[in-house]
Amino acid sequence: MLDESFMDEVFAEIDEEETRARKFFEVLAPLLPVGAVWLRIIDSGEVIGPDCPAAANRFMDENQGLALDDFVLCGADTDCFYLFHLREYAALVAIRVPEEFPAAVAADYFAGVIALARARVDLIDYEIEVRQLKKQFAVLNSRHNDLIADNYRQYRLIQGKEKEYARKLESEIAHQTAQLRRTNRELEAASRMKSEFLANMSHELRTPMNAIIGFSELLGETDLDREQEDYARTIANAADSLLSLINDILDFSKIEAGMLELEAVDFRLADLMETVTSMFVIPARDRGLALKCEVSPLLPAEFNGDYNRIRQIITNLLSNAMKFTERGGIYIEVAPEEEIRDRVRFTVRDTGIGIPPDRQQAIFEKFVQADGSTTRKYGGTGLGLAICTQLVSLMQGEITVKSSPGGGSEFSFVIRLPQAEAGAVATAAPVESAAVAAGTVRVLIVEDNKVNQKLAGIIVGREGCEFRIANDGVEALEFLRQEEFDLVLMDIQMPNMDGLAATREIRRVEAEGGGDYKGLGHGRAAIPVVGLTAHARKEDREAGMACGMSDFLTKPIVKARLVEVLGRFSR
């Protein structure tokens with residue numbers, strides 16, 4: 001007979017359920033980032049894995065009744081976890097989801113990792129089973145030749161199953177790996193396509209808007225009768241609304257793609273609020289509304305933050321207040337947030353139609369307004385507040401609303417806004433026209449669009465400048481070979497040779513002394529090249545500056561900004 005110690009040795013590798021759960025964790029953990037997975041035994045409550053976060057413990061407590069082999073996503077932002085209920089181990093697995101990980105593929109990805117770990121544990125168990133069978137074979141071989149033959153056949157059968165299982169396992173691993181790689185490629189391609197789409201949409205939409213806004217502005221400066229002036233103002237207002245809509249769509253797309261980045265510049269708070277409120281003084285007066293802005297004297301004069309994005313948020317809130325207020329007034333307050341350093345609260349309050357309580361959270365979602373009839377009566381896409389919410393979040397703040405039907409609305413947002421160093425904001429010098437600043441200035445306008453050529457020529461000509469027009473980079477270089485210019489206004493996207501390539505060639509010729517180029521080099525300072533384009537992304541500006549441009553203006557052309565450039569860069 002077989003003694004007890006020998007049988008214990010034979011079956012020593014058979015694991016208890018808790019031991020098997022620990023072995024599963026040891027296989028799973030290396031497949032994920034360090035410190036990103038924990039396993040809890042449901043019966044004993046033991047947690048396997050170091051430094052289990054309190055949030056993960058809480059989610060596992062709350063999901064004890066999760067169905068077998070089911071999973072659930074818990075939490076948000078940096079405390080986001082996927083929980084899986086493993087039937088074979090009577091355990092819960094919590095996996096931390098990295099903040100940058102795309103939510104759309106997280107469930108499939110982590111389910112694949114769990115499946116891979118299970119498969120590897122099964123393979124280990126099979127290896128143990130084979131070893132057990134080998135030991136059993138040795139025991140039976142010592143007892144009887146028939147049993148030896150029978151065990152041998154069993155061993156051969158199991159060996160075949162093991163090989164078949166190994167082949168299936170390898171195939172499944174290869175399939176899962178290929179699927180993960182395919183998903184990664186699709187995500188990368190989608191990101192590239194979205195980026196290209198944003199660039200092309202910006203260019204294609206802003207190019208005609210440049211002509212509409214520019215010529216309506218020029219038309220308004222001519223001698224018009226009252227009816228014609230009303231028509232011109234209507235065109236300009238409609239163009240501004242359309243441009244605002246375009247900007248909202250592009251901003252929202254950037255936010256969705258994770259491509260929007262904040263800038264940090266020094267600015268005066270008083271200048272910011274004066275710039276914003278001045279946009280609404282005339283509309284408020286025309287509608288008989290009071291418009292008041294109060295800045296707390298407890299606030300510093302200068303701050304460091306994204307001036308343009310803060311202005312965008314306040315402008316959106318003021319625009320909504322103006323849209324939904326028919327009588328009374330609109331009141332703006334800026335004050336420090338109590339007991340929180342580097343936090344500033346901006347409040348826009350109106351006496352308008354108000355918002356029902358059950359719709360006050362929904363209005364911050366994309367494509368949502370307080371009432372379906374709102375779109376028909378007042379217009380809008382429902383993107384403005386969604387964009388404001390995202391921008392405020394990027395500034396480490398939050399936006400809230402207090403309102404009641406017929407009782408007006410109060411929108412407040414608190415953002416982190418550090419104080420700038422004393423004297424960081426330079427006093428702006430008065431802008432002179434190009435003619436006053438530098439006498440007769442010769443400007444080379446490089447632009448392939450005929451309408452935009454005409455618009456830029458009119459603005460430059462009215463400032464007393466002489467100008468020539470080149471249709472692309474090749475013609476621009478030929479002009480510079482034959483003539484001297486004080487400034488180049490360079491479009492980016494053109495046929496034959498684009499603005500970036502042309503600018504690089506200009507800087508190369510200057511670096512080599514000018515050669516046969518009459519307008520470049522030969523002891524003169526580098527000619528200013530100002531990018532003038534419908535591409536409005538940050539990376540487009542960086543590309544322009546990297547190739548040697550002196551400044552970068554986006555379309556639609558703002559006349560005052562172009563005049564300021566003429567005065568600043570004319571030599």
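These numbers come from a predicted model, not from an experiment.
Rounding to the nearest 0.5 angstrom, the gap separating the CD1 atom in Ile124 from the CZ atom in Phe24 is 11.0 Å. Separating the CD1 atom in Ile314 from the SG atom in Cys388 is a distance of 10.0 Å, to the nearest 0.5 Å. Between atom CD1 of residue Ile332 and atom CG of residue Leu317 there is a gap of 10.0 Å, rounded to the nearest 0.5 Å. Atom SG in Cys293 sits 8.5 Å away from atom CG in Leu318 (nearest 0.5 Å). To the nearest 0.5 Å, atoms OH (Tyr89) and CZ (Arg22) are separated by 13.5 Å. Between atom CD of residue Glu186 and atom CG of residue Asn184 there is a gap of 9.5 Å, rounded to the nearest 0.5 Å.
At least one side-chain heavy atom of Leu262 sits under 4.5 Å from a side-chain heavy atom of Arg309. At a threshold of 4.5 Å between non-hydrogen side-chain atoms, the residues Asn320 and Val348 do not count as touching. Side-chain atoms of Ile387 and Asn316, non-hydrogen and from C-beta on, never get closer than 4.5 Å to each other. Looking only at side-chain heavy atoms (C-beta outward), Val344 and Pro336 stay at 4.5 Å or farther from each other. Side-chain contact between Arg345 and Phe413 is absent, with no heavy-atom pair separated by less than 4.5 Å. Side chains of His85 and Val72 form no contact here, defined as non-hydrogen atoms less than 4.5 Å apart. Between Arg40 and Glu46 the shortest side-chain heavy-atom distance does not fall below 4.5 Å. Between Arg349 and Phe411, the closest side-chain pair of non-hydrogen atoms is not below 4.5 Å.
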Donor-acceptor contacts under 3.5 Å from residues 171-180 side chains, at least two apart:
from: Glu172; atom 1: OE2; to: Gln176; atom 2: NE2; distance (Å): 2.9
from: Thr177; atom 1: OG1; to: Ile173; atom 2: O; distance (Å): 2.8

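Distance alone, capped at 3.5 Å, places no donor-acceptor pair between the Trp38 side chain and the Val47 backbone. Not one N or O on the side chain of Asp266 forms a donor-acceptor pair closer than 3.5 Å with the backbone of Ala420. At distances below 3.5 Å, at least one donor-acceptor pair connects side-chain atoms of Ser403 with backbone N or O atoms of Ile355. At least one donor-acceptor pair under 3.5 Å links the side chain of Asp350 to the backbone N or O of Ser409. A donor-acceptor pair under 3.5 Å is absent between the side-chain atoms of Ser319 and the main chain of Thr315, judged by distance alone.
Atom OH of Tyr152 is surrounded by 12 or fewer heavy atoms from other residues, nucleotides or ligands within 6.0 Å. Counting non-hydrogen atoms of other residues, nucleotides and ligands closer than 6.0 Å to CD of Glu398 gives a total of 12 or fewer. Within 6.0 Å of the CG atom in Asp51, the count of heavy atoms belonging to other residues, nucleotides or ligands does not exceed 12.
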* Show your reasoning for whether side chain to side chain contact (heavy atoms under 4.5 Å, CB included) applies to Leu500 and Ile492. => CA-CA 6 Å; Leu500 299 180; Ile492 298 298; 3.9 Å; yes

* To do: Could you go through the side chain to side chain contact (heavy atoms under 4.5 Å, CB included) check for Asn63 and Cys74 one step at a time?
  => CA-CA 10 Å; Asn63 290 274; Cys74 301; 3.7 Å; yes

* Does the pair Met273 and Phe346 meet the rule for a side chain to side chain contact (heavy atoms under 4.5 Å, CB included), with working shown? -> CA-CA 10 Å; Met273 300 312 299; Phe346 296 80; 4.2 Å; yes

* Assess whether side chain to side chain contact (heavy atoms under 4.5 Å, CB included) is satisfied between Arg20 and Asp125, documenting all intermediate values. => CA-CA 9 Å; Arg20 294 181 70 247; Asp125 289 343; 3.2 Å; yes

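Among all heavy-atom pairs drawn from Leu39 and Ala21, the shortest one is CD1-O, 4.0 Å. Closest of all the heavy-atom pairs between Gly473 and Met494 is N-CE, 3.8 Å. Taking each heavy atom of Met60 and Cys52 in turn, the nearest pair found is CE-SG, 3.9 Å. Contact detail for Leu169 and Ala119: the closest heavy-atom pair is CD1-CB, 2.8 Å. Ala94 and Leu83 get closest at one heavy-atom pair: CB-CD1, 4.0 Å. What you find for Gly499 and Met490 is that their closest heavy atoms are CA-CG, 3.6 Å.
Ion pair Arg167/Glu164 flagged as a salt bridge, since at least one NZ, NE, NH1 or NH2 atom sits closer than 4.0 Å to an Asp/Glu carboxylate oxygen. Under a 4.0 Å N-O distance rule, the pair Arg118/Glu88 qualifies as a salt bridge. Comment: Glu129 does not engage Lys161 in a salt bridge, judged by the lack of any side-chain N to carboxylate O separation of less than 4.0 angstrom.
Checking Asn308 against Arg311 by side-chain atom types alone, a donor-acceptor pair falls below 3.5 Å. A donor-acceptor pair shorter than 3.5 Å can be found between the side chains of Thr347 and Ser412.
Remark: of the listed residues Phe81, Phe59, Phe84, Phe84 is the sole one forming a ring-ring contact (aromatic ring centres under 6.0 Å, His included) with Phe71. In summary, of the residues considered (Thr275, Asn304, Ile310), a side chain to side chain contact (heavy atoms under 4.5 Å, CB included) with Phe267 occurs for Ile310 alone. A side chain to side chain contact (heavy atoms under 4.5 Å, CB included) with Ile114 is found for exactly one of Ile95, Leu31, Val37, namely Ile95.
Tyr155 is linked by a ring-ring contact (aromatic ring centres under 6.0 Å, His included) to nothing, counting only residues two or more places apart in sequence or in another chain.
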